[in-house]
Amino acid sequence: MKAQEEERRHTICVLVDNEPGVLARVIGLFSGRGYNIDSLTVAEVDPRHKLSRINIVTSGTTFVIEQIKALLAKLVPVHEVQDLTVEGPHVARELALVKVLGDRERLVQALRIADFMHARLVDSTPGGLVFEVTGSSEEIDAFIDLVEPVEVSRAGVVAIGRGHSILGARETGEDG
Amino acid sequence: MNAQASSAPSAETNTRNGAQVVIEVLREQGVEVVFGYPGGAVLPLYDELFKQDAVRHVLVRHEQGAVHAAEGYARSTGKVGVVLVTSGPGATNTVTGLTDALMDSVPVVCLTGQVPTHMIGNDAFQEADTVGITRPCTKHNYLVKRPEDLARVLHEAFEVARCGRPGPVVVDLPKNILMGPAPYCPRHAVRRRYAVRRDPDPRRIEEAVELLSRAERPIFYAGGGVINSGPRACELLTELVRETGYPITLTLMGLGAFPAEDPQFLGMVGMHGTYEANMAMYACDLMIAVGARFDDRVTGRLDGFSPGSRKIHIDIDPSSINKNVPVEVAVVGDAERSLEALLQAWRRRGLGSRRQAVAGWWAQIDRWRAVDSLRFRQEGEGIKPQHAIRRLYAFVKDKDPIITTDVGQHQMWAAQHFPIHKPLRWLTSGGLGTMGYGFPAAIGAQIAHPDKLVINISGDASWIMNMQEMSTAMQYRLPVKVFMINNRWMGMVRQWQDFFHGSRRAESYMDSLPDFVKLAEAFGATGLRATKASELDEVIAAMLETDGLVVADIQVDPVENVYPMIPGGAAHNEIKLSPEDDGVQEGISEEGMVLV
Ligand SMILES: Cc1cc2nc3c(=O)[nH]c(=O)nc-3n(C[C@H](O)[C@H](O)[C@H](O)COP(=O)(O)OP(=O)(O)OC[C@H]3O[C@@H](n4cnc5c(N)ncnc54)[C@H](O)[C@@H]3O)c2cc1C
Ligand SMILES: Cc1ncc(C[n+]2csc(CCOP(=O)(O)OP(=O)(O)O)c2C)c(N)n1
């Protein structure tokens, strides 16, 4: 039943207490149960309340995704879990640093591609250039395909819901 | 003597040290007993324990035993069990017990010593990455790095252990934190950040009652979650089952949630459950799962699991729902509150008993019952293990005993042949299947219930795994009765080898077994032995009459097998009832062979 259903990519955002081990807990949940992590980013987003946001891109059947969300929500330092893929429109961006090496001709070519793909030149050395590119994962893939870099460093997907959909610390009141 | 004084702040400094804070939290949390084993990293805590009387320490003989004892304490009282061990090997020895508690949802707080904070990461003497090692086998764990976090973390640890779906929590305590000054923070002042939904959604309750009121072939399937929820939940379950007039089955972990000798009880479900329970699960049109997690030992092959039924699932843990089996009505909430709501809704609708309405279903169930799937033949002087357990039951049924088991055939025979009538009386390792659980668990239960009869139904191989705890039982004069079903084999392993591996009995014979009578005597306990059926009653009577720890070595038929059996990967209607029931081996698929 489960196996026949199609796997789908989901972008899940998790608001957590920024405490030691929280990332290990989230990653351990995925590795321990054999779920995929396609991309993961984490950073503190609310220093006053010491809250961090983890953005996870994962793929799985509806069953698996529901299971992942339920398991994430169960972790003690987790405040809120949002599945942007099902909860409505959102924007998702990624940042990459892309290094190209080669002769002048190659570098000029890379500069031209960078120009029309809105990548920014952030470093240049004799025979080498580093570009910064932000955009959807697909745009970054496309840029990389075109410039044929020697090295890529990608930051992973960061995502946020559109409009009034807000991932904020839920009130943890006692339920009875 | 004066507990109040010792953990109170000293007059001059008005501060406690970390160890005193720990004791104060234990006191405030109502902890009466801690199961532990000392070592360098926790000596400051032992020093404080020594100076007070409020919290009792029970010295085990192996840290695994401490966790199982805490589990036995917890499972027989509904309270949190507490463990205290040292760093390094003390902590690593708890891993099996913690995993066991996680799988079976047992509330345990385990305090582990740790090297001082400034030495963490240096491969210091007896350092282990305890939070790293125990992260996957705890509900949550903590390393306390700052004295100001200590009290808060400890209070939260208790909260997390008992709240919602219970489980084990580790708090790793560096020695300098225990020795240095630390502020206290009372329980009520700790900000709660862990909340679990306990009240069910009323709409789901209405949907559930709607289905319940129209079912033609209903069955209740209840599990350990009802026991977790508490005795009141078990009463409500019993009321609901009786008011509806529907049949009920229980999982291994749920035994005791409904009185076993009630005619509406079909016996245990699953791999070694009764024919009638499994057939009813297979053929029902409505399944009401309460605090049960559709374990693979219950469902068998998933695509053959109750193919024609709609399912209601009541569970406090949303991640249990739709995990293995999709359900039509998911009720997220505590079993007690959900059952209460269901019962009220049932009464509001004035539905009354539907026993007559489902008379055809009961007639079918009676036909399955007539198969008498737990039958066995006790003939001659050889002792059948099932017979031994039934005789034990005959002797103690009016004494309201607490039963613990180890893992293997004897565990299944105990589940089948020793009826459990009330919750908190049946302590067994279901999810992890930990051999060696039963004896220390019995010790924990006996500590909690000094005047109750506590019996560990064990197997020869399992019992050897934690038999060192005899010394604990002797020290604290715990009158645990060990009823050892001794078949000289790792019986369950031998059974699988006989069924699925061409009877090649690799390494499953228990060669060089000790003389259990002398072994018991060496510890100062009493050893008894029955080798013939005619000796059985006498030995059981003597075991019950003898004060203190007794080990009864019941030498049974070595090659008896557990029936019924649904082989791994088979469906409920593919149940094997007896050795005459054609070779199980041929019936099992490759997919089934990989299951455990
Ligand atoms: C040798 C061997 C053979 C076995 N054979 C069988 C067998 O034949 N039949 C069998 O049934 N088992 C058998 N088992 C045990 C099996 O492996 C599982 O441990 C067992 O089936 C799980 O029981 P459960 O579904 O009641 O869940 P538990 O493990 O008891 O889980 C409890 C469930 O209730 C939920 N819950 C917890 N608290 C609450 C609450 N307050 N309110 C509502 N829900 C709550 C939890 O979230 C969880 O989903 C065997 C084990 C061994 C070792
Ligand atoms: C710690 C541990 N190791 C191995 C196993 C695998 N195993 C399951 S049952 C069993 C045999 C148990 O033998 P015994 O305690 O004598 O009980 P019997 O089956 O003979 O009643 C074994 C080895 C286990 N469950 N636990």
Side-chain angles (χ1 to χ4, degrees), chain A residues 1-6 12 14-35 46 48-52 58 60-83 86 168-176, chain B residues 102 120 129-146 149 153 156-157 159-161 163-165 167 169-170 172 188 190-200 302-305 307 315-327 330 332-334 336-337:
Chain A
M1 210 167 322
K2 280 191 257 182
Q4 285 155 14
E5 209 209 323
E6 228 182 285
I12 297 172
V14 192
L15 200 65
V16 300
D17 286 321
N18 182 10
E19 62 184 27
V22 63
L23 189 58
R25 236 173 264 290
V26 169
I27 292 173
L29 188 159
F30 279 78
S31 63
R33 296 183 186 252
Y35 304 138
D46 180 349
R48 202 159 67 86
H49 297 104
K50 288 189 145 297
L51 295 174
S52 289
T58 179
T61 60
T62 312
F63 264 112
V64 167
I65 298 292
E66 289 305 315
Q67 184 70 13
I68 288 172
K69 288 189 278 184
L71 289 167
L72 283 170
K74 228 168 85 163
L75 297 177
V76 173
V78 167
H79 289 270
E80 206 179 324
V81 179
Q82 200 182 24
D83 181 347
V86 294
R170 64 159 195 234
E171 273 306 303
T172 43
E174 187 181 358
D175 175 20
Chain B
L102 183 72
I120 290 177
D129 176 8
T130 300
V131 286
I133 291 168
T134 62
R135 195 174 290 122
C137 66
T138 51
K139 188 173 168 190
H140 194 57
N141 64 12
Y142 305 84
L143 168 63
V144 180
K145 282 189 178 158
R146 302 183 312 171
D149 293 337
V153 161
E156 188 177 273
E159 192 64 38
V160 171
C163 176
R165 179 180 187 166
V169 178
V170 161
D172 204 21
H188 64 82
V190 175
R191 184 179 68 93
R192 286 195 54 170
R193 58 165 180 162
Y194 183 73
V196 169
R197 179 193 179 114
R198 293 168 67 187
D199 282 315
L302 278 175
D303 60 12
F305 177 68
D315 203 295
I316 201 156
D317 179 356
S319 75
S320 271
I321 291 174
N322 290 331
K323 181 174 67 178
N324 300 329
V325 173
V327 299
V332 177
D334 177 45
E336 180 185 330
R337 298 195 187 186

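Model, not experiment: these values are computed from the prediction. The basis for the numbers below is simple: all heavy atoms, side chains too, and nothing from hydrogens, waters or symmetry mates. Quick note on labels: first sequence line is chain A, next is B, and so on, each numbered from 1.
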Honestly, the part of B/Asp317 sitting under 4.5 Å from a heavy atom of chain A is side chain
Choice from A/Gln67, A/Arg25, A/Lys74 maximising heavy atom contacts with chain B below 4.5 Å
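That would be A/Arg25.
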Indicate yes or no: at least one non-hydrogen side-chain atom of B/Ser319 is less than 4.5 angstrom from one of A/Lys69.
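Side-chain contact under 4.5 Å: no.
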All pairs passing side chain to side chain donor-acceptor pair (under 3.5 Å) where residues 26-35 of chain A contributes a residue, at least two apart
none
Side-chain heavy-atom pair B/Glu156, A/Val76 within 4.5 angstrom cut-off:
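Of all side-chain heavy-atom pairs linking A/Val76 with B/Glu156, at least one is under 4.5 Å.
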Rounded to the nearest 0.5 Å, what's the gap from CG on A/Leu75 to NZ on B/Lys139? Could you check?
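Reported to 0.5 Å precision, the distance equals 11.0 Å.
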Part of B/Val160 within contact of chain A (heavy atom distance under 4.5 Å):
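For B/Val160, the contact with chain A is made by the side chain alone.
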Could you pull out all residues at least two apart from A/Phe30 that satisfy ring pair (Phe, Tyr, Trp, His ring centres under 6.0 Å)?
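Counting only residues at least two positions away or on another chain, A/Phe30 forms no ring pair (Phe, Tyr, Trp, His ring centres under 6.0 Å).
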To the nearest 0.5 Å, how far apart are NE2 in A/His79 and OH in B/Tyr194?
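A/His79 atom NE2 to B/Tyr194 atom OH measures 13.5 Å (nearest 0.5 Å).
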First locate atom CD1 of A/Ile27, then atom CZ of B/Arg135, and finally report the distance between them rounded to the nearest 0.5 Å.
9.5 Å
Specify the closest pair of heavy atoms between B/Pro318 and A/Ala70, including all atoms of both residues, with the distance to one decimal.
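Looks like C-CB, 4.0 Å.
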So, do A/Pro77 and B/Arg193 sit near enough that their side-chain heavy atoms are less than 4.5 Å apart?
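A/Pro77 vs B/Arg193: side chains touch.
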